[in-house]
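Note sheet for the following structure.
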Protein chains: 2
Amino acid sequence: MARSTMRDISRVTGFSVFTVSRALSGGDGVSEQSREQIIKAARELGYVVNRAAQELRRAKRDTVAIITASTSNSYYLDLMAGIQRALDPSEWTVIVGDVAVNGAYDARLEARMIQRLIESRTAGVISALTLQPEHAELLAKWDIPVVFVDSSPPPEAAHFPSVTTNNHKASMMVGQHLAGHGYKNWLFLVYPAKWSSRFGRESGLRDAASIAGANLVVLETANDSASARETLAQYLDDHAKPPHVLIAGNNPLLLGAMGLLKDRGIQVPGDMAVVAYDEFAWSTLTDPSITVLNEDSEEIGRRAAVMLREIIDGQEAAGRKGQSQSPVYVPEHRQQVSARLMLRRSCGCLESGRETAKGSSFQAA
Amino acid sequence: MARSTMRDISRVTGFSVFTVSRALSGGDGVSEQSREQIIKAARELGYVVNRAAQELRRAKRDTVAIITASTSNSYYLDLMAGIQRALDPSEWTVIVGDVAVNGAYDARLEARMIQRLIESRTAGVISALTLQPEHAELLAKWDIPVVFVDSSPPPEAAHFPSVTTNNHKASMMVGQHLAGHGYKNWLFLVYPAKWSSRFGRESGLRDAASIAGANLVVLETANDSASARETLAQYLDDHAKPPHVLIAGNNPLLLGAMGLLKDRGIQVPGDMAVVAYDEFAWSTLTDPSITVLNEDSEEIGRRAAVMLREIIDGQEAAGRKGQSQSPVYVPEHRQQVSARLMLRRSCGCLESGRETAKGSSFQAA
DNA sequence: CTAATTTACCTAAACGATTAGGTTGGCTTC
DNA sequence: GAAGCCAACCTAATCGTTTAGGTAAATTAG
């Protein structure tokens with residue numbers, strides 16, 4: 001069966017292309033009887049609308065893009081769930097653009113992605129990383145609104161909306177907990193400043209360390225497991241006294257670090273305690289189970305999507321009034337969500353197997 | 001700055017829209033001097049091509065879609081890497097469509113996704129799951145080629161190309177290994193037949209069990225961790241004698257099962273051995289480390305992408321000769337890739353902690 | 001020097017939808 | 001029964017590209 005167009009349906013039914021369009025898109029100006037006849041013909045011909053033609057003609061856009069670097073960070077799944085819940089999938093199309101290659105952020109990929117989104121006149125963007133300033137500007141020039149999640153806008157575009165974890169507060173909480181354990185030497189293994197969540201996390205830990213009279217060392221590494229492992233190995237080789245506690249900035253870094261500690265026979269938490277950012281599926285099943293700071297990624301995704309929808313609706317309303325289509329950003333479009341600390345064995349909690357209270361006699365090697 | 005079109009560039013430079021189009025798309029019929037002038041004007045105006053208009057006019061499509069259910073299965077990352085390596089990103093746009101909601105396959109989402117891909121006249125599809133027959137047929141009707149990866153086409157469309165693991169052979173290998181440990185009662189916790197890899201895995205285990213004189217029980221569950229946990233709990237409650245070994249059909253199922261075993265205090269591998277399908281990042285760091293069958297997902301992705309590109313090229317060539325654009329599928333388009341068994345502690349191997357010596361150890365098949 | 005070819009460009013017709021702006025004929029309304 | 005209105009349709013323009021089919025001038029061939 002050949003690909004059919006509205007003109008084919010028009011020929012078959014005898015109605016004009018106008019009437020066919022109106023009938024299929026649910027607009028008025030068509031009698032119920034005619035509509036049924038047209039829909040029936042469309043079904044028989046196997047008609048499917050051509051989105052390119054539709055988008056070319058229509059002002060209204062219905063595709064939003066999520067920009068992320070590496071979907072291996074499992075928070076991404078919750079984020080998506082939250083977004084999907086806020087954007088009715090029959091009305092919106094959500095596409096995901098991963099700007100990481102082999103788990104590592106790639107600047108050229110980001111440029112290509114932005115170009116692509118502008119080419120297809122995307123309705124809006126949710127970005128899980130701090131975009132390069134020129135890219136944020138480019139999107140703004142094309143009136144494409146951007147909401148940053150779990151990351152802040154670049155300083156040059158500070159007024160852009162964002163939904164983030166209150167990283168400073170959350171990290172203070174982490175620090176206070178570590179102080180409670182009596183740890184004095186903290187090592188923060190962290191990804192580059194490209195992901196802006198780093199700043200809040202670092203300053204929160206720093207403030208907590210200062211209050212507790214602890215010593216904080218910040219060790220930066222590229223944002224993947226292999227680099228994290230190598231960077232940490234180098235650090236441990238160079239320093240006679242290992243830290244009391246290792247704070248892993250995110251999941252891939254934790255993975256790299258844990259692999260190294262295991263291979264070197266460093267007991268956790270006996271020889272060195274560990275805490276990490278971001279919850280992940282296996283956190284309770286590793287040896288030992290890992291204490292993590294759990295962001296409410298689903299809530300972040302939901303709020304970001306709602307926000308984006310509001311901004312796009314605002315643009316449309318302005319467009320109908322003949323006003324500027326530039327996205328309007330207001331201060332309420334900067335929100336923070338709080339996080340929870342999930343206490344497990346790696347930080348030194350539950351040492352005596354309190355876990356067994358829940359029904360396990362599971363023993364670590 | 002307002003959005004500019006080719007007409008704007010034409011006005012500014014004095015050249016016709018034709019010449020502008022040729023200059024920007026790199027075609028001939030334009031002098032180098034004029035081309036430079038036009039490109040400069042385009043840059044100054046901030047021109048970005050309108051993809052909707054381009055796609056509407058052009059016959060050639062350059063977007064391929066990956067259909068997957070739940071990106072939490074980590075094989076997806078390797079798969080993507082393989083695909084990206086075979087499809088030059090400056091020439092092709094790859095989009096990912098996840099047809100799972102909260103980690104579970106959703107039939108309505110699949111329907112919506114297929115509809116969407118046809119609407120946008122996608123060039124080709126790589127599907128990581130066995131599509132519903134009517135959807136495979138629909139894509140075929142619109143001359144959109146499909147390559148199945150890690151899953152077979154639906155029986156109604158058996159001639160469709162696919163790249164899969166040789167599941168039967170691989171599962172025989174798993175079974176032989178289990179038999180070598182002396183286990184006699186095997187419990188295969190498996191996802192629904194929706195994912196066709198199930199058949200090869202099941203029959204391979206069955207044949208191996210039969211040869212080894214072992215007893216295989218197949219326990220089907222919905223394809224997510226929570227369901228797996230519940231199904232397994234029910235089974236253990238109903239049967240006085242637990243199996244000697246649990247074989248987890250994939251990652252989410254393994255996660256659910258391990259959580260249950262831990263909470264019930266069942267020692268692995270002491271009380272019950274465990275092996276699983278599909279490698280994952282934390283496999284060496286769980287307690288105990290998990291023996292898995294590792295598919296070569298990257299190679300699968302690479303081959304599928306190469307195959308798809310060949311088929312699309314074939315369509316174009318046929319189109320230029322005025323022949324049918326239907327994708328041409330040949331027997332060489334059904335390929336199998338072999339897998340490797342990664343031996344770790346959960347199956348009963350490496351009891352004495354040899355792992356720490358080598359970091360991880362595996363055996364090629 | 002003429003004819004043939006090549007180069008550099010242009011005009012205008014698509015592609016397949018949406019929509020502004022008609023035109024009917026039938027039905028009210030007073 | 002004239003005026004007004006509405007429902008149900010149609011015609012034709014339009015979105016921003018690509019491309020088939022030209023033309024005019026410059027270059028080359030014989």
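Below, chains carry the letters A, B, ... as their sequence lines are ordered, and counting in each starts from 1. Note that these values count all heavy atoms, side chains included, but never hydrogens, waters or copies made by symmetry. Just so it is clear, the structure is predicted and the values come from calculations on it, not from any experiment.
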Side chain of [X] (C-beta onward), nearest among [options]:
X     : options                : answer
A:R58 : C:dA17, C:dT18, C:dC9  : C:dT18
B:Y47 : C:dT19, D:dT17, C:dC10 : D:dT17
A:A53 : C:dG16, D:dT17, C:dC9  : C:dG16
A:R22 : D:dG21, C:dT19, D:dT17 : C:dT19
A:S16 : C:dT11, D:dC10, D:dT17 : D:dC10

Give one of base, sugar-phosphate or nothing for [X], where a contact means two heavy atoms less than 4.0 Å apart.
X     : answer
B:S21 : base
B:S34 : sugar-phosphate
A:V49 : sugar-phosphate
A:S31 : sugar-phosphate

For [Y], is there an ion pair with [X] - N to carboxylate O distance below 4.0 angstrom?
X      : Y      : value
A:K60  : A:E55  : no
A:R116 : A:E119 : no
A:D62  : A:R51  : yes
A:E36  : A:K40  : no

Rounded off to whole Å, could you give me the [atom1]-to-[atom2] distance for the [X] and [N] pair?
X      : N      : atom1 : atom2 : value
A:I118 : D:dG16 : CD1   : P     : 16 Å
A:L56  : C:dT18 : CG    : P     : 11 Å
B:R35  : C:dA8  : CZ    : P     : 10 Å
A:D8   : C:dG16 : CG    : P     : 9 Å
B:I38  : C:dC10 : CD1   : P     : 8 Å
B:L24  : D:dG16 : CG    : P     : 16 Å
A:D28  : C:dT19 : CG    : P     : 12 Å
A:M6   : D:dC10 : CE    : C1'   : 15 Å

| request: Can you check whether any acceptor in the base of D:dT14 is under 3.5 Å from a donor in the side chain of A:R57, or vice versa? | output: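 For A:R57, whose side chain was compared with the base of D:dT14, there is a donor-acceptor pair (under 3.5 Å).
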| query | Should A:Q54 be listed as having a side-chain N or O under 4.0 Å from OP1 or OP2 of C:dT18? | reply | yes
| task | Hey, which sits more toward the 5' end of DNA chain D by its nearest nucleotide, B:A52 or A:T19? | result |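 Closer to the 5' end of DNA chain D: A:T19.
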| query | Mind checking whether A:P327 and A:D143 have side chains closer than 4.5 Å, heavy atoms only? | reply | yes
